[in-house]
Each structure stands twice: as C-alpha cells, then as structure tokens.
Amino acid sequence: MAYGSGRKNEISRMSVLLCLLVVFIHVSSDPVSRADRESWQFLAAFLPWRLAAFATQGFIFLSALRLSLSNSKRSFLSYLGRRLRRVLIPYVIWNVIYYIYFMRRGYFGFEPERFGGYLLRGDLVSPFYFVVIIVQFYLLFPLTKAIARRVPARFGLPVFALLTYYFNMDMPRLIFTLSGHSFSYNDRLFTTYLFYWMLGTYAGVSYGAFARQLKKRKGLISVSFVSLAALNGGLAWLQFSGIARIPLLELIHYLYVISAILFFYLVMLLRTEKRPGLSALAAEIDSASYSIYLFHAYVINMVNEQLQAAGITRIGESWLLRAAAVYVICIAACVVWNRLSRAVTGLLR
C-alpha cells in the first residue's frame, strides 16, 4: 500500500478510540475510588481503567503526527494562529461554562481573579490539562520538526525516551532544588510528554517508513503490548490494592503506554488497509472529538446529580448508567453541534 499525502483514516480511527477511552477513564473514576480495594469489583473497574491510561499520550502522538503530515502552504505563524483559535476559543468558553456551573452549586464564590489561573493551569476540570500541554507543543513545533528532519529516529527517539522518563520522575525535585519551591504541575509540562510528541513528529516526517516498520514488526509489537499490559495491570492492582509495593511501576507503565500507542495504531493501520472507508458514526465522532473532550465532564457532573437525586448509589449500577448516559449524550450532542456549525459556516461563506 502506498502512503501518500491523502486522508489517512487510520488516524481518524485512532482518534475515535482515544476519544472513547478518555470518556471511559472519567466515567470510571467513581468505582475506582469508591470500591473496596480488596474486592473483585475494584479489580473489575481498576484493570480497564488502568489500561486505558494511554489516551492522553496517544492524543499527543496523534496531534504531532497530524501536524507533521500537514501540507499547509501558510506561514507557521498563520497556521499556528488558526490552530490556537480552534483550540483556545472553545477552551475558554467551556472554562466559563464550568466556572458558572461550579459557582452556582456553591463550590466557590465569584472570584474572577482566579479564573486566569484556571485557564493557565488547566485545573478547573480534570481533562483540561491536555489543552495546556498541547499549546506548549504547538509553540515548539518548528523546533521539534526540525530535529526530526535532521536527527535520525534511531538516535533521537532513545534520547527523548530517556529524557521524558527523567523529567516525568524528577522534574518536581529538580525545580525544588533550583528554586526552593515545591512544584505540583509536572503533569502539564511538555517535558513529561516529550517522547510521545517526538514519536508522532518522526512518524509524520517519514510516514511511509513508519507505517512499513510497524507492519514489519507487528509480532514484536503485539507480544510487547500483551506482556506489558499484563504486567502493568497486574502489578498496578497489587500496589493500588495495598497488597504490595512495586518500585518500578512507573517505568512499567511508561513502557506500556508506548507499546499501547504503537499496537493500537498498527491495528488501525491494518484495519484501514482492509476497509479504507470510515463508518458515518466514526467519521462524526472523529470530527467531534475535541468537543466531546471538553463537554464530557459537564455531562458526568449532571448525570451524577441525577443518579444521586434518584437514590442510585450502588457502585456497579451507577457505573453502568453513568457510562451509558454520558456516551449517548456526549456523542449525540457534539455530533449535532458539529453538523449545525458546518451548516452555518457553509451559509456564511
């Protein structure tokens, strides 16, 4: 199969998977936090929740891949401005919506001076930290793409893998050593996710070679993914349930995340070779994925309120009802909104 510059539906398929996993992670946080950690119910909720925890890194990989594949003739500043408008304007609007929602429910008073801090840190709602991270990478894109073009992947990627692991583990201690102040926002610094961005950048710069290497090594990638999924899930359960302390758990999770990104992208690539076209639903979810990302926490809060009002507190029952309601409402609302937006945009042209 030739890998030209046309639309690559394997990217769209991967985007749909990651979007659904992000929602799953957040609708599953209640059973993970409330279930007895020695019970089978905790194990049933925890394992898929833990193994889904490559979605943010996967989106960072995809974002870099899409940017690197772009054939836009615009200047970088023009292109960056367009990207930032598409990301930041909805982000600000949804921060206002969530702020009003929380304020009306008495979580805090009207304190507009704090609103800017929420925007900069992305901590008003838990999923919003991703926007803070991706904006940093957009600004760094010319540099990272230049590196990917000049430094061969076989040299660059191992270096970025080591740097990312070091920054992920030791950046707070390094900042404390240098400044004397504690630092609790490592999860929204680009250094924590640098490898995934560079992996996507290298993949986009040499997409044909990347796709061929994935298929050539599909056996190794598959075995690595299955093995690391078993290790990551099992050992994380032992630690989180309090049975044992696993010293190298973060390293195992790091390796698992890399294997999961490569494995599922390989699956989407092979699927696209067999069936190039996307289903209508998959295409709509792909188009609406950013809206779903911003909106789903609001729906979770609303559904939780309704479950509480109805007296539905059993963990398993509320988990299933929450998941069903959030998926249906989010996907339906965001797909309809996107269609209306496209229709209005078409009329205004």
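Reckoned from all heavy atoms, side chains included, excluding hydrogens, waters and symmetry mates.
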(message) Quick one, Asp187 and Tyr193 - any side-chain contact, counting heavy atoms below 4.5 Å?
(response) yes
(request) With sequence neighbours left out, write down each residue that passes side-chain hydrogen bond (donor to acceptor under 3.5 Å, both in side chains) with Asn168, or none if nothing qualifies. (result) none
(message) Could you tell me if the side chain of Tyr129 sits less than 4.5 Å from the side chain of Thr56, heavy atoms only?
(response) yes
(request) Report yes if the side chains of Asp30 and Ile300 come closer than 4.5 Å at any heavy-atom pair, otherwise no. (result) no
(message) Once ring-ring contact (aromatic ring centres under 6.0 Å, His included) is applied, do any residues pair with Tyr185, and if so which ones, sequence neighbours excluded?
(response) none
(request) Return yes if some donor-acceptor pair links the side-chain N/O of Thr164 with the main-chain N/O of Ala161 below 3.5 Å, else return no. (result) no
(message) Taking side-chain hydrogen bond (donor to acceptor under 3.5 Å, both in side chains) as the definition, give me every residue that meets it alongside Tyr138, ordered by chain and number, with sequence neighbours left out.
(response) Arg83
(request) Check whether any side-chain heavy atom of His253 lies under 4.5 Å from a side-chain heavy atom of Leu249, and answer yes or no. (result) no
(request) For Leu140, enumerate each residue passing the side chain to side chain contact (heavy atoms under 4.5 Å, CB included) test, keeping only those at least two apart in sequence or located in another chain. (result) Thr144, Phe190
(request) Tell me, please, which residues at least two apart from Trp319 pass ring-ring contact (aromatic ring centres under 6.0 Å, His included). (result) none
(message) Check whether Gln136 reaches the backbone of Val132 with its side chain - one donor and one acceptor, N or O, closer than 3.5 Å.
(response) yes
(message) Any non-hydrogen side-chain atom of Tyr101 less than 4.5 Å from a side-chain atom of Met302?
(response) yes
(message) If hydrophobic clusters are built by linking Ile, Leu, Val, Met, Phe, Trp and Tyr wherever their side-chain heavy atoms come under 4.5 Å apart, do Ile93 and Leu124 end up in the same one?
(response) yes
(request) Kindly indicate, with the supporting measurements, whether the criterion side chain to side chain donor-acceptor pair (under 3.5 Å) is fulfilled by Thr272 and Asn9. (result) CA-CA 6 Å; Thr272 300; Asn9 282 337; over 6 Å; no
(request) State which residues pass ring-ring contact (aromatic ring centres under 6.0 Å, His included) with Phe167; sequence neighbours excluded, sorted by chain then number. (result) none
(request) Under the ring-ring contact (aromatic ring centres under 6.0 Å, His included) rule, collect the residues that match up with His26, sequence neighbours excluded. (result) His296
(request) Could you tell me which residues satisfy side chain to side chain contact (heavy atoms under 4.5 Å, CB included) with Ala260, sequence neighbours excluded, listed by chain and number? (result) Phe54, Phe225, Tyr256, Phe264
(request) Enter the distance from Leu194:CG to Leu199:CG here, rounded to the nearest 0.5 Å. (result) 11.0 Å
(request) Mind checking side-chain hydrogen bond (donor to acceptor under 3.5 Å, both in side chains) for Tyr118 and listing every partner two or more places apart, or none if nothing turns up? (result) Arg114
(request) Could you tell me which residues satisfy side chain to side chain contact (heavy atoms under 4.5 Å, CB included) with Pro90, sequence neighbours excluded, listed by chain and number? (result) Tyr290, Leu294
(request) Could I get the full list of side-chain hydrogen bond (donor to acceptor under 3.5 Å, both in side chains) partners for Asp123, not counting sequence neighbours? (result) Arg121
(message) Tell me every residue that passes side chain to side chain contact (heavy atoms under 4.5 Å, CB included) with Ile258, counting only those two or more places apart in sequence or in another chain.
(response) Phe195, Tyr196, Tyr254, Leu262
(request) Inspect the surroundings of CZ in Arg86 and state if more than 12 heavy atoms from other residues, nucleotides or ligands are less than 6.0 Å away. (result) no
(request) Please answer whether the main-chain N or O of Asn186 pairs with a side-chain N or O of Thr192 as donor and acceptor at a distance below 3.5 Å. (result) yes
(message) Let me confirm one number: the CZ-OG1 distance from Arg34 to Thr313, rounded to the nearest 0.5 Å.
(response) 6.5 Å
